[in-house]
A.B. asks: 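Here's a structure for you.
Note that the numbering runs from 1 along the sequence shown for the chain.
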Amino acid sequence: MPPTPGPRPFSPRLSPISTTDVARAGLRLGFPTVLGRETWWEEDRAAEGGRRTVVHRAADGALTDLLPAPWDARTRVHEYGGRSYVVVPGHGLVFAHHPDQRLYLARPRAGGEPGSGAERPRPVTPEPDEPGALRYADLRVQDGPDGPRVWCVRERHHQDAKVTRSIVSVALTGAGDVTDQVTGSDFYASPTPSPDGRHLAYICWNHPHMPWTGTELRVTRLSDGATRTVMGGPAESVLAPLWCDERSLYAVSDRSGWWNLYRADISGSSCEALCPSEEEFAGPLWQLGGLPYAVLADGRLAVLHGRGDLRLGVLDPETGAVTDLGVPFQGWAPVLDADGDVLVGLGYRAGAPRSVVRIDAADAAGGTGRAGRAGRAGRAEELRREIEDVPAGVLPVPRAVEFEAVGFEAGPGTRVHAYLYPPEQPDVGGAPYVVFVHGGPTGHATSELSLEKAFFTSRGIGVIDVNYGGSSGYGRAYRERLRGRWGVTDVEDVIAAAKWLVAEGLADPARIAVRGASAGGWTVMAACGASDVFAGGVSVAGVSALGPLVAATHDFESRYVEWLVGPEDRYGEREPLARADQVNCPMLLMQGLADPVVPPAQSQSFAERLMARGVPCTYLTFEGEAHGFRRLETKAAALAAELSFYLQIFR
């Protein structure tokens with residue numbers, strides 16, 4: 001009897017998408033602003049060393065880069081940053097400059113309006129004792145009798161490594177007029193002055209909480225500092241306050257188990273759910289400065305809502321009715337801004353990348369009255385795409401899928417959510433697949449176009465992007481699945497994803513890899529030690545050991561492990577480094593050497609442990625890169641190394 005033939009060798013297909021295409025494509029558009037017929041947004045430039053600028057679009061459609069090199073509009077508050085700029089009508093643009101973290105004012109050129117080009121920026125906050133010791137984020141503008149002031153969160157890094165935060169106001173008339181307004185909590189977000197200027201609303205929380213576990217919405221009377229907690233507590237995440245009028249606020253809360261919108265009196269006497277629904281109206285507050293809803297001219301709210309991908313609609317706060325806007329975008333990043341009936345956001349759709357989108361909400365929802373009809377086609381204009389040249393014919397069409405969780409504590413009927421990206425012309429009997437694991441771990445994978453995923457699928461390698469237990473987008477109970485079980489629930493869910501691919505006949509069981517970054521890298525390393533289902537793993541800036549992480553990581557996440565894992569005596573049974581002897585598959589580890597979130601020693605120690613055992617392991621480091629690669633050459637090199645790794649293990 002002739003021997004049974006082995007599996008056919010994997011031969012990658014030719015693809016029009018190169019590593020440089022992927023590296024150049026990601027503009028990372030963020031935080032749009034609209035005033036009248038003008039629009040602003042942040043834009044990363046990988047080809048310029050990863051710096052970030054602010055782009056202005058005039059009423060006539062002309063685009064202006066407001067901050068030429070070497071200006072870099074990035075804030076390092078919480079190390080993850082957020083909105084780095086604010087437009088001050090009649091004065092110009094205030095932004096945080098990455099190298100020194102000071103706030104600067106870029107005035108328009110003589111005879112021009114904000115956005116028509118700017119003079120050389122001048123600082124409006126004092127020079128700290130050490131570069132980056134004073135950082136600013138979440139900028140808001142308030143007009144006053146002495147001119148406009150910028151309200152923001154300030155983060156102070158002391159010489160003894162202590163970090164404190166406060167809400168401050170910054171005058172634009174000189175360099176150094178910064179006034180502390182609110183102090184005492186470990187963290188702040190969303191400083192929002194009332195329309196009459198008498199009160200300040202804001203979000204605050206203290207260690208060991210994270211903004212998605214327990215926050216408070218407070219209001220402080222500015223005349224005497226009297227403060228009242230309006231909503232929130234240790235088991236409630238309140239986010240994104242906006243003033244409804246001088247006595248009441250809108251805010252998002254998950255007190256029902258889902259991030260829904262509420263209207264609350266500042267006295268704390270009443271709190272009303274505007275549209276009770278088992279869906280999310282916000283995302284986790286990893287970055288400061290974004291709002292997931294906006295107030296329109298007639299008092300209605302432009303909202304983002306859904307499970308997984310968020311849809312754009314208009315909510316009538318008097319009736320609770322939501323009318324989805326008839327615009328051709330299937331999902332949105334949780335940032336909106338509005339002026340009158342015009343709103344801007346970051347939308348995406350099948351076959352098209354994330355874009356800055358400008359919408360006439362009155363037209364899209366059937367007029368400014370309260371009887372707009374659902375689905376009416378609206379006027380939506382794409383102002384800027386993250387990827388200008390999208391290759392035709394090779395983009396995967398993602399499909400939302402679910403499969404059963406297999407863990408002991410998952411409970412019967414618990415489902416895991418994911419997005420499936422089939423490969424081009426899959427092999428009969430199953431294709432190679434890569435299981436993507438997002439970071440956070442309270443992050444969320446969406447279905448928006450990713451040229452990185454298309455880079456693999458166009459070569460015949462499928463992708464499944466898993467929203468494991470702990471991910472946002474599916475309610476608080478789904479996030480709570482990870483509480484005390486990091487390294488268990490996430491690992492079980494990504495292994496379940498691989499087994500589901502095989503059971504469905506989609507994947508070759510011998511050719512499944514797993515990859516992730518940051519918290520996703522932790523899951524990759526742990527999963528490779530917990531199961532033989534993976535042919536190899538790729539970890540970028542992955543966490544391997546909890547004790548050193550807790551001792552060295554930044555303040556924002558310094559107590560997060562208490563929620564994720566629990567007491568220190570659990571570290572040894574959870575951390576990948578303690579289970580490195582159980583890893584037998586090849587691994588690729590990559591790390592930025594300037595990473596302040598996950599120190600390089602995390603990847604290096606894991607790589608050394610594998611190499612000492614003779615397990616194939618490649619460890620690549622990149623000078624000057626932090627937590628997330630920004631430079632074009634780094635992105636291209638990392639992607640090339642990853643593809644080479646897959647081609648070797650999928651042979």
A.B. asks: Can you sort out the partners of Glu236 under salt bridge (charged side-chain N to carboxylate O under 4.0 Å, His left out), two or more places apart, ordered by chain and number?
C.D. replies: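 Checked Glu236 against salt bridge (charged side-chain N to carboxylate O under 4.0 Å, His left out); matches are Arg255.
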A.B. asks: How would you list all residue pairs meeting ring-ring contact (aromatic ring centres under 6.0 Å, His included) that involve residues 59-87, not counting sequence neighbours?
C.D. replies: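 Only Trp71-Phe95, Trp71-His97, Trp71-Tyr104, His78-Phe187, His78-Phe556, Tyr80-Trp286, Tyr80-His554 qualify under ring-ring contact (aromatic ring centres under 6.0 Å, His included).
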A.B. asks: Only pairs at least two apart or in different chains count here, so list each salt bridge (charged side-chain N to carboxylate O under 4.0 Å, His left out) that has a residue in residues 178-196.
C.D. replies: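 As it turns out, the salt bridge (charged side-chain N to carboxylate O under 4.0 Å, His left out) pairs with a partner in residues 178-196, which skip direct neighbours, are Arg154-Asp180.
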A.B. asks: Got a sec, which residues hit ring pair (Phe, Tyr, Trp, His ring centres under 6.0 Å) with Tyr560, two or more places apart in sequence or on another chain?
C.D. replies: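 Here the qualifying residues are Trp212.
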A.B. asks: Which residues pass the side chain to side chain contact (heavy atoms under 4.5 Å, CB included) test with Ala161, sequence neighbours left out?
C.D. replies: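 Scan of Ala161 (side chain to side chain contact (heavy atoms under 4.5 Å, CB included), adjacent residues dropped) gives none.
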A.B. asks: How about Gln142 and Trp151: does a side-chain donor come under 3.5 Å of a side-chain acceptor?
C.D. replies: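 There is such a pair (donor and acceptor under 3.5 Å, judged by atom type) between the side chains of Gln142 and Trp151.
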A.B. asks: Could you tell me if Arg198 and Ser223 have a donor-acceptor pair between their side chains, going purely by distance under 3.5 Å?
C.D. replies: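 Short answer, no.
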A.B. asks: Return the set of residues passing side chain to side chain contact (heavy atoms under 4.5 Å, CB included) with Glu623 (not counting sequence neighbours), or none when no residue passes.
C.D. replies: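 Glu623: side chain to side chain contact (heavy atoms under 4.5 Å, CB included) contacts with Leu593.
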A.B. asks: Quick one: side chain to side chain donor-acceptor pair (under 3.5 Å) partners of Gln591, sequence neighbours excluded?
C.D. replies: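 If we apply the side chain to side chain donor-acceptor pair (under 3.5 Å) test to Gln591, skipping adjacent residues, the hits are Asp595, Ser603.
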A.B. asks: Hey, are Ser169 and Gln181 close enough side-chain-wise for a donor-acceptor pair under 3.5 Å?
C.D. replies: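 Indeed, the side chains of Gln181 and Ser169 share at least one donor-acceptor pair under 3.5 Å.
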A.B. asks: What residues form a ring pair (Phe, Tyr, Trp, His ring centres under 6.0 Å) with His627, not counting sequence neighbours?
C.D. replies: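 None.
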A.B. asks: Establish, from distance only, whether the side-chain atoms of Thr220 and His199 form a donor-acceptor pair under 3.5 Å.
C.D. replies: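 No, because no side-chain N or O of Thr220 sits under 3.5 Å from a partner of the opposite role on His199.
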A.B. asks: Using every non-hydrogen atom in the two residues, find where Ser237 and Asp254 come nearest and quote the distance to one decimal.
C.D. replies: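 What the structure gives for the nearest pair is N-OD1, 2.7 Å.
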A.B. asks: Run the ring pair (Phe, Tyr, Trp, His ring centres under 6.0 Å) test against Tyr348 and tell me which residues pass, sequence neighbours left out.
C.D. replies: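 Tyr348 satisfies ring pair (Phe, Tyr, Trp, His ring centres under 6.0 Å) with no residue once adjacent residues are dropped.
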A.B. asks: Taking the side chain from Gln101 and the backbone from His98, do they hold a donor-acceptor pair closer than 3.5 Å?
C.D. replies: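 Here the side-chain-to-backbone pair exists.
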A.B. asks: Restricting to pairs with a member in residues 549-558, which pass salt bridge (charged side-chain N to carboxylate O under 4.0 Å, His left out), not counting sequence neighbours?
C.D. replies: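 As it turns out, the salt bridge (charged side-chain N to carboxylate O under 4.0 Å, His left out) pairs with a partner in residues 549-558, which skip direct neighbours, are Arg165-Asp555.
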A.B. asks: Charged N to carboxylate O under 4.0 angstrom, Arg37 versus Asp360?
C.D. replies: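 Looking at Asp360 together with Arg37, the answer is no, because their closest N to O distance does not fall below 4.0 Å.
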A.B. asks: Could you work out, with side chain to side chain contact (heavy atoms under 4.5 Å, CB included) as the rule, every residue matching Leu242, not counting sequence neighbours?
C.D. replies: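 Partners of Leu242 by the side chain to side chain contact (heavy atoms under 4.5 Å, CB included) criterion, ordered by chain and then number, come out as Leu291, Tyr293, Val295.
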A.B. asks: Taking only residues two or more places apart in sequence or in another chain, which ones pass ring pair (Phe, Tyr, Trp, His ring centres under 6.0 Å) with Trp41?
C.D. replies: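 Residues passing ring pair (Phe, Tyr, Trp, His ring centres under 6.0 Å) with Trp41: none at all.
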A.B. asks: Hydrogens and angles aside, do His209 and Thr215 bring a side-chain donor and acceptor to less than 3.5 Å of each other?
C.D. replies: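 No pair is found: no donor N or O on one side chain lies under 3.5 Å from an acceptor on the other.
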A.B. asks: For the residue pair Arg263 / Ser248, report whether a side-chain donor-acceptor contact shorter than 3.5 Å exists.
C.D. replies: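 Result is no, nothing qualifies.
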